[in-house]
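Here is the naming used below: chain letters follow the sequence lines, and residue numbers restart at 1 for every chain.
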Amino acid sequence: MRQTRGDPMPARSIEQVRNLCKRRGFVFPGSAAYGGLGSFWDYGPLGVEMLNNVKKAWWRNVVYERDDVEGLDAAILMSRKVWQHSGHEATFSDPLVDCRACHARHRADHLTDDTCPKCGAPALTGPRSFNLMFKSHVGPVEAAAGSEEEMASRVYLRPETAQGIFMNFAHVQRSLARKVPFGIAQVGKAFRNEITPGNFIFRTREFEQMEIEFFIKPPQFVQPGEKTDEQWHAEWVEQRYNWWLSLGVEEGRLRRRAQEAAELAHYSKATTDLEYLFPDFGWGEVEGIANRTDYDLSAHSKDVPPEDLKRLKLETNADSVEKLDYFDPDAKARYVPWVIEPSAGATRAMLAFLCEAYHEELTKEPPAAEVDAIRAEIPAVVKNADKKAKEAEKARAKNEPAKHDPAAIATFCVALEEAAARLPQSLLEVAALLEDHPGAQNLEPVKKLAPKVVKLAEDCTRVVLKLHPTLAPVKLAVFPLKKNEAAIVDVAKRLKHQFQRFFRVAYDDSAGIGRLYRRQDEIGTPFCITVDFQTLEDNTVTVRERDTMKQERVKMEDLKHLLFTRLHMG
RNA sequence: GCGGGUGUAGCUCAGUGGUAGAGCAUCACGUUGCCAACGUGAUGGUCGUGGGUUCGAGUCCCAUCACCCGCUCCA
């Protein structure tokens, strides 16, 4: 069902976005020639551009535009000890039990007793822990799983980029002579062997993270007037929230949600999630800002005082050869810094931005005769729906299975009549209601009317990705108005070459001008330039803007300034 | 992993046991030139994969893989 919040209308379903992604080269299913491999996706020519743009926008915001953050790119494979002491080997797992009777699977920590919630049989297996980390080995090992030799060479593909930052805390601090507070930012792949991935690229087994570990004074060293860990946490939540808004996410579809105590990860004192209102599955986390305290740096340190181990529920680390602490020259004290961690999913961000940007718009007035015909059929649809609703209620009163849901039908009828009254402007809404509304299911008149309305809507509609220019995979398209006119083609190609050193530029001459514009709308290209006969006379071209479809005549010498300004590159 | 659904041309889908189709897209030639133009022609599918039933399988059966919707998930 379509989202009613926000204006104008964003994607109604992940399916729309999926289709567009596949058709236009954003995201393809992985290993396709072999029938695919669960939950791995490949990023096509436009996908890699857009994902890079997301990561660049993040990097610019948290590294370049700040005075207190440095970058890092750590190895994906790290010593197994990292994951032993970070707690991931022991706790980054879902404890699962199977029902011997009905073969249902449940999370052990979600059960209240030892009976199966599905069939009630007291036949549950003991809990088995499915660790979410992918295993591999360093060196040529072919030993049996779990053997001493196997364990000795075992490594994990990192399930989060954060630990690479903790390993390098002291390196970065010393090599750049940084003083706390400061942060380290990293973008990179992470891997989790999810038991149930899904929702396109929302939850995958290989994904990309954008993480910051921001190191601050522990509470006991904070002087009056300095920010506490809670204040830093709150500030980062606001900073990060505003970043999403600055790239075009509508406020009504982004929220901050503080996690309940029971939800918190083993390392976290407090976590606030940023959630985006996705189509189909609703609110989904796109970023988490955690207060990780001094848990991680202490966990990886030798010689941690017993009182700190006790406070953090840690064991003495006999493997570590370093203490990951810091001498604070102002406080004249040595301490293990606390950490605020804003951690976002880059691939998830791309999905959120795509959903947000996806729009279908009426671009021309539908023929009045056809609109009248549709309008005339609405009362019959509503009448029939009412009838079916009453039948369903009767059936329900007699405890017979009902074919319809009266409540859904009621909301459908109200919405349909309301939308129909606003035809023809509401043509897309009417089409969406007839196609998607739960109350419209299995109604004969709807089945007859829907294809007609959908067809008409499609004929009068364009699909446009209203991406923030920073995120758009292609920033500019250049068209020759006449492709067999050598002089026009020359100028168009020259323009393409002039700008392709700054950003991705498309050149297309394989259709009429209207279709060329539509193609670019669909992938979110902010500007199209058309070269025509007039160009040859006065050196001007037509610049057409994606969202407004407005055109203006611009001197070629002014193009660079105009484009840079409007693409936010100035 | 369990339940429900889907899988046919690049895309959207039709095809319910009898010679694999349509629209769109793509390519060529011609025509047109500022918002999804037109004509003619062409390319394109071992019907997800592997078995089975049958004289004959896209269609029926079994298995398997992938995706979607639920259970689950903490980027």
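Using cut-offs of 30° and 60° for the angle between ring planes, the Phe202(A) and Phe281(A) rings count as tilted.
When the C1' atom is compared between U43(B) and C24(B), the two are found 15 Å apart, to the nearest whole Å. On the P atoms, C47(B) is 13 Å away from G10(B), given to the nearest whole Å. Comparing C2(B) with A9(B), their C1' atoms are spaced 35 Å from each other, to the whole Å. When the C1' atom is used for both U49(B) and U6(B), the distance is 16 Å, rounded to whole Å. Comparing G48(B) with G39(B), their P atoms are spaced 33 Å from each other, to the whole Å. A14(B) and U59(B): their C1' atoms are spaced 13 Å apart (whole Å).
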Could you pull out the protein-nucleic contacts involving nucleotides 64-68 of chain B (nitrogen or oxygen on both sides, under 3.5 Å)?
unit_1: A66(B); atom_1: O4'; unit_2: Gly35(A); atom_2: O; d: 3.1
unit_1: C67(B); atom_1: OP1; unit_2: Ser39(A); atom_2: N; d: 2.6
unit_1: C67(B); atom_1: O3'; unit_2: Arg18(A); atom_2: NH1; d: 3.3
unit_1: C67(B); atom_1: O2'; unit_2: Arg18(A); atom_2: NH2; d: 3.0
unit_1: C68(B); atom_1: OP1; unit_2: Phe200(A); atom_2: N; d: 2.9

At a cut-off of 3.5 Å, list every protein nitrogen or oxygen paired with a nitrogen or oxygen from nucleotides 8-10 of chain B, distance to 0.1 Å.
none

Find every protein N or O atom lying less than 3.5 Å from an N or O atom of nucleotides 23-32 of chain B, and list the pairs.
unit_1: A25(B); atom_1: OP1; unit_2: Arg515(A); atom_2: NH1; d: 2.5
unit_1: A25(B); atom_1: OP1; unit_2: Arg515(A); atom_2: NH2; d: 2.6
unit_1: U26(B); atom_1: OP1; unit_2: Arg519(A); atom_2: NH2; d: 2.2

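A side-chain hydrogen bond (donor to acceptor under 3.5 Å, both in side chains) check over residues 36-50 of chain A, counting only residues at least two apart or in different chains, returns nothing. Sorted by first and then second residue, the ring pair (Phe, Tyr, Trp, His ring centres under 6.0 Å) pairs with a member in residues 450-470 of chain A read His468(A)-His568(A); sequence neighbours excluded.
The salt bridge (Lys or Arg N to Asp or Glu O under 4.0 Å) check on Lys189(A) picks up Glu206(A), with sequence neighbours excluded. By the salt bridge (Lys or Arg N to Asp or Glu O under 4.0 Å) test, Glu545(A) is found to be paired with no residue, residues two or more places apart in sequence or in another chain being considered. Listed by chain and number, the residues in a salt bridge (Lys or Arg N to Asp or Glu O under 4.0 Å) with Arg240(A) are Glu287(A) (sequence neighbours excluded). For Gln425(A), the side chain to side chain donor-acceptor pair (under 3.5 Å) criterion is met by no residue, not counting sequence neighbours. With sequence neighbours left out, Arg23(A) forms a salt bridge (Lys or Arg N to Asp or Glu O under 4.0 Å) with Glu522(A). Residues meeting the side chain to side chain donor-acceptor pair (under 3.5 Å) test with Ser268(A), sequence neighbours left out: Thr271(A).
By the 5.5 Å and 30° criteria, Phe207(A) is stacked with the base of A75(B).
For the segment residues 528-536 of chain A, residues with any heavy atom less than 4.0 angstrom from an atom of RNA chain B are, sorted by number, Thr530(A), Asp532(A).
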(message) Please determine whether side chain to side chain donor-acceptor pair (under 3.5 Å) holds for the pair Gln534(A) and Asp538(A), giving the CA-CA distance in whole Å, both sets of side-chain angles, and the decisive distance to 0.1 Å.
(response) CA-CA 6 Å; Gln534(A) 193 186 330; Asp538(A) 64 5; 2.9 Å; yes

(request) Go through the steps for Lys482(A) and Asp509(A) under the test salt bridge (Lys or Arg N to Asp or Glu O under 4.0 Å), then give the verdict. (result) CA-CA 8 Å; Lys482(A) 203 163 162 56; Asp509(A) 62 6; over 6 Å; no

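As a whole-Å value, the separation of Arg348(A) CZ from A75(B) C1' is 5 Å. At whole-Å resolution of the value, CZ in Arg205(A) and C1' in U72(B) are 12 Å apart. The separation between Arg292(A) atom CZ and C74(B) atom C1' is 12 Å, rounded to whole Å. Nucleotide G33(B) holds its P atom 15 Å from the OH atom of Tyr517(A), rounded to whole Å. Going from atom CG of Asn193(A) over to atom P of G1(B) covers 12 Å, rounded to whole Å. Ile14(A) places its CD1 atom 11 Å from the P atom of G70(B), with the value rounded to the nearest Å. Atoms CZ (Arg257(A)) and P (A75(B)) sit 12 Å apart, rounded to a whole Å. Remark: C1' of C34(B) and CZ of Arg553(A) are 10 Å apart, rounded to the nearest angstrom.
Nucleic acid contact class of Glu287(A) (heavy atoms, under 4.0 Å, all strands): sugar-phosphate only.
With a 6.0 Å cutoff to the six-membered ring centre and a 45° limit on the axis angle, Arg255(A) counts as a cation-pi contact of Trp283(A).
Remark: the Thr542(A) side chain and the C34(B) base include a donor-acceptor N/O pair separated by less than 3.5 Å. Not a single donor-acceptor pair, N or O on each side, falls under 3.5 Å between the base of C74(B) and the side chain of Glu285(A).
The pairing partner recorded for G30(B) is C38(B), the criterion being a Watson-Crick or G-U wobble arrangement whose two distances lie under 3.5 angstrom.
In summary, the side chains of Glu285(A) and Tyr276(A) do not present any donor paired with an acceptor at a separation below 3.5 Å, with no hydrogens or angles considered.
Here Arg462(A) does not reach the OP1 or OP2 of C35(B): none of its side-chain N or O atoms lies under 4.0 Å away.
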